[in-house]
Amino acid sequence: MPALTPETLRQRVRARLREQRTLIERLLRRRELVAGSLFMRWGDCGKKGCVCQTGQKHGPYYVLSRRSGGRGGFTYLDKAQATEARSLVKAHRDYKADLRQLKKVNEQLVALLRQYQEATGRRGDRRVGMPPHPRA
Ligand SMILES: [Zn+2]
């Protein structure tokens with residue numbers, strides 16, 4: 001990787017800080033979410049002569065599957081609840097994605113600050129009476 005100029009490094013740090021701020025603001029705003037997934041089921045009631053016996057199954061039934069502490073729970077929802085749940089489930093996925101991105105941005109910031117120190121930093125060895133340190 002070619003060495004970047006201090007100015008380029010500063011610009012990159014500022015860009016990451018802007019992204020970090022945007023992510024944090026979004027994470028703080030996202031208060032309502034549901035950890036789980038939503039799916040549809042079709043049922044077969046087993047009654048003789050019912051339409052479901054000819055392949056036209058009952059449903060769809062909306063099922064919300066929640067993961068909490070490794071234990072799964074299922075809840076049947078009506079259509080309106082399913083619409084609501086769909087957006088809350090998506091909010092949770094987006095929240096997790098934003099957290100992952102924030103972690104990445106933070107790591108990039110640390111790496112950029114290290115590069116910046118390498119590009120601009122002066123060692124204080126001489127001040128404490130040591131011979132000049134060869135630059136890496
Ligand atoms: Zn049936």
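All residue numbers refer to positions in the sequence shown, counting from 1. The figures that follow rest on heavy atoms only: side chains count, while hydrogens, waters and symmetry mates do not. Order of listing sets the numbers, starting from 1, for every ligand and every atom in it.
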(message) Per the side chain to side chain donor-acceptor pair (under 3.5 Å) rule, what does the pair list look like for residues 47-64, sequence neighbours excluded?
(response) Asp44-Gln53

(request) Check whether any side-chain heavy atom of Val63 sits under 4.5 Å from a side-chain heavy atom of Thr75, and report yes or no. (result) no

(request) Keeping waters out of it, list the protein N, O or S atoms under 2.8 Å from the Zn ion (ligand 1). (result) Cys45 SG, Cys50 SG, Cys52 SG, His58 NE2

(message) Looking at Glu25 and Thr22, would you say the former's side chain and the latter's main chain have a donor-acceptor pair under 3.5 Å?
(response) no

(message) Could you report the tightest heavy-atom contact between Ser65 and Phe39, atom names first, then the distance?
(response) CB-CE2, 3.7 Å

(request) Report the distance from atom NZ of Lys104 to atom CZ of Arg100, rounding to the nearest 0.5 Å. (result) 10.5 Å

(request) From the options Arg86, Lys90, Glu84, select the one residue that forms a side-chain contact (heavy atoms from CB on, under 4.5 Å) with Leu88. (result) Glu84

